[in-house]
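Just so you know, ligand 1 is whichever comes first in the structure, and atom 1 is the first atom listed for that ligand. Keep in mind it's a predicted model, so treat the numbers as computed, not measured.
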Amino acid sequence: MKQTLLKKFEEVFGSTEGAKVYFAPGRVNLIGEHTDYNGGHVFPCALTIGTYAVARLRKDDKLCLFSMNFETGGVGECTLSNIEEKNTGDWRNYPKGIVWAFGKKGFQVDKGLDILYYGNIPNGSGLSSSASIEVLTGYILKDMFGFAVTNQDLALIGQFSENQYNGVNCGIMDQFAIAMGKKASAIFLDTADLSYDYAPIDLDGAKIVILNTNKKRGLGDSKYNERRSECEAALAALQTKLDIKSLGELTEEEFEANKSLIGDDVKIKRAKHAVYENQRTIKAVKALQDKNLELFGKLMIASHDSLRDDYEVTGIELDTLVEEALKQDGVIGARMTGAGFGGCAVSIVKENCVDTFIENVGKVYQEKIGYAADFYVVEIGDGPMTL
Ligand code: GLA
């Protein structure tokens with residue numbers, strides 16, 4: 001891989017002098033969905049698939065960006081002084097947003113760069129290809145300019161650029177999972193204060209299988225921001241009586257006793273999901289520690305039901321995949337993952353059943369939806385690195 005990337009870099013930028021090769025993973029969330037902007041817990045892990053980059057400093061102030069995934073777009077150039085200018089719908093807004101965000105945080109990028117990117121995370125699949133580019137770019141800047149930032153800072157800068165530069169009001173989960181990823185472990189993160197623990201993932205021979213609906217989605221054009229404001233409105237109503245900072249502070253019982261304060265059925269359902277999903281995530285991590293994989297799987301299924309019925313972010317494609325997945329032999333659990341509205345589902349499947357699982361679910365999906373789903377058997381990998 002490294003050689004292929006360097007060869008391409010030479011082709012595009014003339015030579016490989018001063019060039020270094022980097023990688024940042026994608027992520028999948030095992031449980032804890034739409035809880036990260038509600039002060040709740042999440043349980044994601046980094047993947048061994050992700051984004052590669054070859055980068056080197058320039059002498060002038062040009063940022064020259066090329067992607068092997070969008071080769072026809074060629075090299076896009078901008079200068080550091082006009083970094084604020086965005087091009088609609090261009091992937092380059094992610095790396096540009098990071099350079100901009102470093103500047104805003106007091107880390108001035110004062111030289112240009114040539115960067116070539118190559119990602120093997122399917123675009124728009126909900127496995128965080130954009131957060132992967134963001135954390136990777138931050139990691140490159142840290143390395144090339146010697147900025148004193150931790151990997152956790154890279155996550156926060158990534159989220160800041162996504163919120164402020166790219167206009168998506170996302171939580172911290174994706175960038176955190178990528179920047180802090182650890183091989184064979186998931187990250188049990190409390191988004192209320194960013195305290196976290198690594199939980200070794202021992203699936204007793206079972207595999208993590210990701211099911212891609214191939215229904216394209218982007219957070220920007222989804223109802224993501226709408227769900228977020230519904231939760232904020234529900235919280236504000238609860239705060240008229242309760243001394244809480246987020247929905248993540250409530251137990252199920254406290255929520256049930258006070259939900260009438262919200263006074264709107266839809267917002268009650270949204271808040272219910274946030275509260276129950278947070279509690280489910282805590283229970284799921286405990287189940288894993290107790291080696292109770294069966295309970296972990298049941299909680300994944302309950303998570304999907306709640307995302308379908310109360311949070312209403314699944315849709316026929318994700319529901320079909322999960323419904324069919326749960327009918328198969330050797331399935332421990334399955335649920336949608338990420339923002340929803342398309343994208344991917346995640347399942348845990350006994351190893352000797354994986355092939356039949358993929359065949360059967362794929363067949364029904366094609367028949368019902370009219371186009372094919374994709375399946376990836378994934379491994380949990382490390383955070384960003386220099387190769
Ligand atoms: C997207 C966002 C995350 C998180 C998930 C839903 O992936 O980027 O911050 O809110 O959706 O859990």
For [X] and [Y], I'd like to know if the aromatic rings sit close, meaning centre-to-centre distance below 6.0 Å.
| X | Y | result |
| --- | --- | --- |
| F102 | F147 | yes |
| Y224 | Y37 | yes |
| Y165 | Y94 | no |

Contacting atoms of ligand 1, where contact means under 4.0 angstrom from a heavy atom of [X]:
| X | answer |
| --- | --- |
| Y37 | 10 (O) |
| G171 | 9 (O) |
| M173 | 4 (C), 5 (C), 12 (O) |
| H34 | 6 (C), 12 (O) |
| Y224 | 1 (C), 2 (C), 3 (C), 4 (C), 9 (O), 10 (O), 11 (O) |
| G338 | 6 (C), 11 (O) |

So that I can tick it off, tell me whether [Y] and [X] are bridged by a salt bridge, with the cut-off set at under 4.0 angstrom between side-chain N and carboxylate O.
| X | Y | value |
| --- | --- | --- |
| K269 | E312 | yes |
| R335 | E33 | yes |
| E77 | K62 | yes |

Tell me whether [X] has any N or O atom under 3.5 angstrom from an N or O of ligand 1.
| X | result |
| --- | --- |
| T35 | no |
| D36 | yes |
| D174 | yes |

- Return yes if some donor-acceptor pair links the side-chain N/O of R58 with the main-chain N/O of D114 below 3.5 Å, else return no.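 No.
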Q. Where does R27 meet ligand 1, judged by heavy-atom distances below 4.0 Å: at the side chain, the backbone, both, or neither?
A.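 Within the 4.0 Å criterion, R27 contacts ligand 1 through side-chain atoms alone.
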